[in-house]
Amino acid sequence: KDGHVDQRGGIYELVMPLISNLLIIWGFAIAYLICKDDFDGQITNFSDALYLSIISHTTIGYGDINANTPNPTARALVNFHLLLVFFVYGATLFSVLSEFTTVSHADTILTKLFALNGSPQSTRYKAIVEDSEEVVDEVDDGMLEKKAQALA
């Protein structure tokens with residue numbers, strides 16, 4: 001990368017999907033409440049709208065409140081919610097899995113660095129870790145050892 005180190009840490013990648021899911025649930029609850037007439041009297045208050053939003057968002061779908069009405073607005077709204085849910089779940093899964101893969105890959109690089117008789121406090125080895133994007137592709141070719149010796 002351009003030498004910039006991301007200071008947010010792994011918790012950011014785990015908390016942001018949770019916040020976005022909550023915002024979507026509340027946003028669609030408000031949308032369902034605004035369009036409550038399109039649900040043929042199934043939604044009478046915010047509690048019903050929030051219930052439908054949570055049940056739809058978690059893809060449980062009990063069926064007690066549904067968009068099975070002749071009105072296309074209710075169906076379109078619920079379908080859009082479900083499409084958005086699938087994209088958000090995919091992004092959440094990708095975010096969480098990429099966070100775990102990044103950590104395990106960094107551990108592999110650090111293990112190889114310490115095997116070259118480096119110490120965690122050594123700034124020359126930290127420079128290699130920060131430049132890990134280049135090192136990652138070259139670890140198997142012995143370039144890590146050459147870089148460490150060059151910096152010694």
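The side chain to side chain donor-acceptor pair (under 3.5 Å) test applied to Ser20 returns no partner, not counting sequence neighbours. Residues that satisfy the side-chain contact (heavy atoms from CB on, under 4.5 Å) test with Phe87, not counting sequence neighbours, are absent from this structure. Asn45 meets the side chain to side chain donor-acceptor pair (under 3.5 Å) test with no other residue; sequence neighbours excluded. Scored by the side-chain contact (heavy atoms from CB on, under 4.5 Å) test, Asp40 finds Thr69, Pro70 as partners (sequence neighbours excluded). Listed by chain and number, the residues in a side-chain contact (heavy atoms from CB on, under 4.5 Å) with Ile24 are Phe28, His57, His81, Leu84, Val88 (sequence neighbours excluded). Residues satisfying the side-chain contact (heavy atoms from CB on, under 4.5 Å) criterion with Asp38, sequence neighbours excluded, are Cys35, Asn71, Thr73, Ala74.
Cluster partners of Leu18 are Leu22, counting Ile, Leu, Val, Met, Phe, Trp and Tyr whose side-chain heavy atoms approach within less than 4.5 Å, directly or via other members. Hydrophobic cluster of Tyr89: the remaining members, joined at side-chain heavy-atom separations below 4.5 Å, are Val85, listed by chain and number.
Put simply, the side chain of Thr58 gets close to the backbone of Ile54: a donor and an acceptor are under 3.5 Å apart.
Of all heavy-atom pairs spanning Ser53 and Ala29, the tightest one is OG-N, 3.6 Å. Here the shortest heavy-atom pairing between Phe39 and Asn66 reads CD2-O, 3.6 Å. The minimum heavy-atom distance linking Asn68 with Arg75 is given by the pair OD1-NH2, 3.4 Å.
Tracing side-chain contacts under 4.5 Å through hydrophobic residues (I, L, V, M, F, W, Y), one never reaches Leu23 starting from Ile55; they form parts of separate clusters. Note: the hydrophobic cluster containing Leu77 also contains Ile60 (ILVMFWY, side chain heavy atoms under 4.5 Å, direct or indirect links). A continuous path of hydrophobic side-chain contacts links Leu82 to Tyr62 [ILVMFWY only; heavy atoms under 4.5 Å].
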Step by step, work out the side-chain contact (heavy atoms from CB on, under 4.5 Å) result for Gln42 and Asp48. CA-CA 8 Å; Gln42 297 178 75; Asp48 292 339; over 6 Å; no
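Put simply, the side chain of Ile65 does not reach to within 4.5 Å of the side chain of Tyr32, judged on heavy atoms. Side-chain contact between Ile30 and Phe46: present, with at least one pair of heavy atoms (C-beta onward) separated by less than 4.5 Å.
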